[in-house]
There are 2 protein chains.
Amino acid sequence: MSKNEQRDLAPERLEKLRHILREHRIIRVDDLCQILQISAATARRDLAQLEMQGEVRRVHGGAVGLDTMLAEPVFDDKTSIAASEKQAIAEAALPFVKPNDSLFLDGGSTVLALAGLLASRTDLTVVTNSLRVAGALAAGGPAVILVGGELRRLSQTFVGPMTRFTLEQIHVDTAFIGTIGLTPEQGLTTTDPKEAYTKSLIISRARQVILLADSSKIGKTAFSPFARTDQVHVLITDRALDRKATRDFEKHGVRVIAVDIVKNRTTPKGP
Amino acid sequence: MSKNEQRDLAPERLEKLRHILREHRIIRVDDLCQILQISAATARRDLAQLEMQGEVRRVHGGAVGLDTMLAEPVFDDKTSIAASEKQAIAEAALPFVKPNDSLFLDGGSTVLALAGLLASRTDLTVVTNSLRVAGALAAGGPAVILVGGELRRLSQTFVGPMTRFTLEQIHVDTAFIGTIGLTPEQGLTTTDPKEAYTKSLIISRARQVILLADSSKIGKTAFSPFARTDQVHVLITDRALDRKATRDFEKHGVRVIAVDIVKNRTTPKGP
DNA sequence: ACATTTGTGATTATATTTGATTGTTTTTGA
DNA sequence: TCAAAAACAATCAAATATAATCACAAATGT
């Protein structure tokens with residue numbers, strides 16, 4: 001029976017914020033406080049979160065919406081679920097990016113989070129088949145090379161046989177990839193054969209393959225296989241696997257890194 | 001009499017500055033202070049920043065916009081000048097899109113406006129080298145095929161030799177293209193050689209070429225030529241050319257379509 | 001019900017942006 | 001060429017925005 005003010009839930013507020021930014025393209029913190037009836041601290045926190053997810057660019061006094069916001073309904077939901085896990089995994093992947101590297105970043109929200117972290121690195125070359133990664137890096141940062149091909153709307157990636165001709169032109173130091181399913185025996189699997197085709201091509205053009213997969217993917221098998229487990233050099237995931245699973249992966253030569261979400265520290269298992 | 005003065009956010013101001021420069025081509029610091037209500041120090045700082053980004057060249061007393069600014073910028077918002085002209089040109093292009101066609105849409109804001117008009121046409125196949133066109137169609141509508149390649153940030157398009165391999169795989173019914181400069185004798189020109197390379201490739205893969213160019217482009221010549229006038233089948237522009245210019249284009253086999261803009265404002269003088 | 005976690009707003013300290021002031025450089029016109 | 005005028009860069013202080021910290025309330029799990 002205390003105050004009956006109905007405050008917005010955080011995701012609700014973020015969705016309103018997204019709509020505002022879609023319309024206005026630019027918003028100042030003060031106006032946000034007024035419109036959403038929140039404090040400046042909360043407004044800033046929300047903007048910071050959207051920036052981490054690569055949806056806005058913050059500037060002194062407010063934020064600017066990115067073009068990427070104009071598209072995609074399905075995909076967005078995935079990014080908000082388990083966002084902190086994805087963020088933590090992305091941060092753990094950062095040490096594998098060396099100065100002047102050329103990288104491949106594929107689709108998937110975890111890899112997108114990594115792209116956000118690289119947005120100010122002008123020394124890098126990023127090859128990608130993801131429209132959203134390209135969007136996240138469109139304003140500045142690394143040199144961007146996009147693999148052509150047909151747009152697969154569900155994942156917002158470019159896939160299929162036409163990707164081959166561009167991919168055959170390039171070589172990268174490190175490929176950061178995501179997956180739908182992952183088991184030691186079945187290897188890496190995804191849902192769409194065309195997506196699988198492109199992913200396997202990518203892996204063949206990379207010196208080092210780093211798999212970013214939150215723990216929900218492990219033990220799952222999807223329709224289309226695209227790589228064997230032994231083709232993965234490093235697996236970064238969001239919590240410690242049981243000893244057996246870790247051993248199974250290491251038997252295939254995979255280095256397993258688990259991120260402790262609470263402390264946000266990595267606990268390497270292995271050499 | 002509340003204090004109704006709200007200062008512009010930095011990116012807002014820079015965007016206004018870009019628009020001013022696109023219109024006037026040259027601007028003095030004093031005028032900037034007046035128009036944007038800022039001090040000379042801030043005006044200089046803004047110009048210095050745009051100069052670092054290669055968008056303007058500073059001169060004593062002000063700055064000159066570079067040709068590349070016409071190539072359509074990273075951000076264009078609702079305040080974009082000539083937005084209604086671009087929209088009208090795009091609408092005039094619509095009758096050239098037949099059911100089940102495959103189209104090419106290149107970079108440039110006029111073509112982007114056309115993309116927006118096609119966003120609900122599921123019968124089409126759209127090939128593009130523009131990140132923004134892909135973004136506009138990312139949520140649904142036509143099948144989208146993106147040409148890969150290096151991202152040219154200024155125009156937000158993918159250009160260069162890597163586009164070749166994908167473009168050689170495709171053929172389209174109609175290519176809708178923009179340009180920076182257009183004269184009957186010099187043909188079509190743009191600022192960046194890589195951009196020109198890709199544009200000329202596109203034209204060679206299209207059965208029909210339709211040029212969308214607002215009147216500010218006509219009579220201009222930019223650095224890199226990418227097509228002869230006789231390679232263009234239709235030119236759609238925003239106001240009637242003089243009789244001689246029209247005849248010159250028609251002599252090269254170009255069909256000229258001029259869109260009559262009806263303005264909401266009452267203009268005392270006739271056309 | 002209790003303790004724990006999470007989210008929010010207030011407070012303080014820090015950082016950024018801005019406009020005024022200063023001295024220096026460039027342009028202009030004799 | 002020189003000197004005056006204009007424009008510029010550098011510096012500083014004030015205004016403003018942000019980050020960091022704390023305390024409290026609500027939600028959550030035990």
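- Listed by chain and residue number, A:Asp192, A:Glu195 satisfy the salt bridge (Lys or Arg N to Asp or Glu O under 4.0 Å) test with A:Arg152 (two or more places apart in sequence, or in another chain).
- Atom CD in A:Glu51 sits about 15 Å away from atom C1' in D:dA17, given to the nearest Å.
- The interatomic distance linking A:Ile27 (CD1) with D:dA17 (P) rounds to 13 Å, in whole Å.
- Atom CG of A:Leu32 and atom C1' of D:dA17 are 14 Å apart (whole Å).
- Applying the side-chain hydrogen bond (donor to acceptor under 3.5 Å, both in side chains) test to residues at least two apart or on different chains, none of the pairs has a partner in residues 176-185 of chain A.
- Per the geometry, CD1 belonging to A:Ile38 stands 12 Å off C1' belonging to C:dG7, to the nearest Å.
- A:Arg13 has its CZ atom 16 Å from the P atom of D:dA26, to the nearest Å.
- Contact annotation: A:Thr42 reaches the phosphate of C:dG9 (side-chain N/O to OP1 or OP2, under 4.0 Å).
- With sequence neighbours excluded, no residue forms a side chain to side chain donor-acceptor pair (under 3.5 Å) with A:Thr125.
- Residues passing the side chain to side chain donor-acceptor pair (under 3.5 Å) test with A:Asp173 are A:Ser102, sequence neighbours excluded.
- Atom CG of B:Asp30 is separated from atom P of D:dA7 by 5 Å (rounded to the nearest Å).
- In the helix from C:dA1-D:dT30 to C:dA30-D:dT1, the rotation axis of the first five pairs and that of the last five pairs differ in direction by 40°, rounded to 10 degrees.
- Expressed to the nearest 0.5 Å, how far OG1 of A:Thr190 lies from CG of A:Leu182 amounts to 12.0 Å.
- If you take CZ of A:Arg28 and C1' of C:dT17, they are 14 Å apart, rounded to a whole angstrom.
- For A:Ser39, the side chain to side chain donor-acceptor pair (under 3.5 Å) partners two or more places apart in sequence, or in a different chain, are A:Thr42.
- Looking at residues two or more places apart in sequence or on another chain, you find a salt bridge (Lys or Arg N to Asp or Glu O under 4.0 Å) between A:Lys251 and A:Asp248.
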Collect all protein-nucleotide pairs involving nucleotides 8-11 of chain D in which both atoms are nitrogen or oxygen and the distance is under 3.5 Å.
{"residue": "D:dC8", "atom": "OP1", "partner": "B:Val59", "partner atom": "O", "Å": "3.3"}
{"residue": "D:dC8", "atom": "OP1", "partner": "B:Gly61", "partner atom": "N", "Å": "2.5"}
{"residue": "D:dC8", "atom": "OP2", "partner": "B:Arg44", "partner atom": "NH1", "Å": "2.0"}
{"residue": "D:dC8", "atom": "O5'", "partner": "B:Arg44", "partner atom": "NH1", "Å": "3.2"}
{"residue": "D:dA9", "atom": "OP2", "partner": "B:Arg58", "partner atom": "NH2", "Å": "3.1"}

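- Applying the salt bridge (Lys or Arg N to Asp or Glu O under 4.0 Å) rule to B:Asp30 yields no partners; only residues at least two apart in sequence or on another chain are considered.
- Under the 4.0 Å criterion applied to side-chain N and carboxylate O atoms, A:Asp31 and A:Arg28 are assigned as salt-bridge partners.
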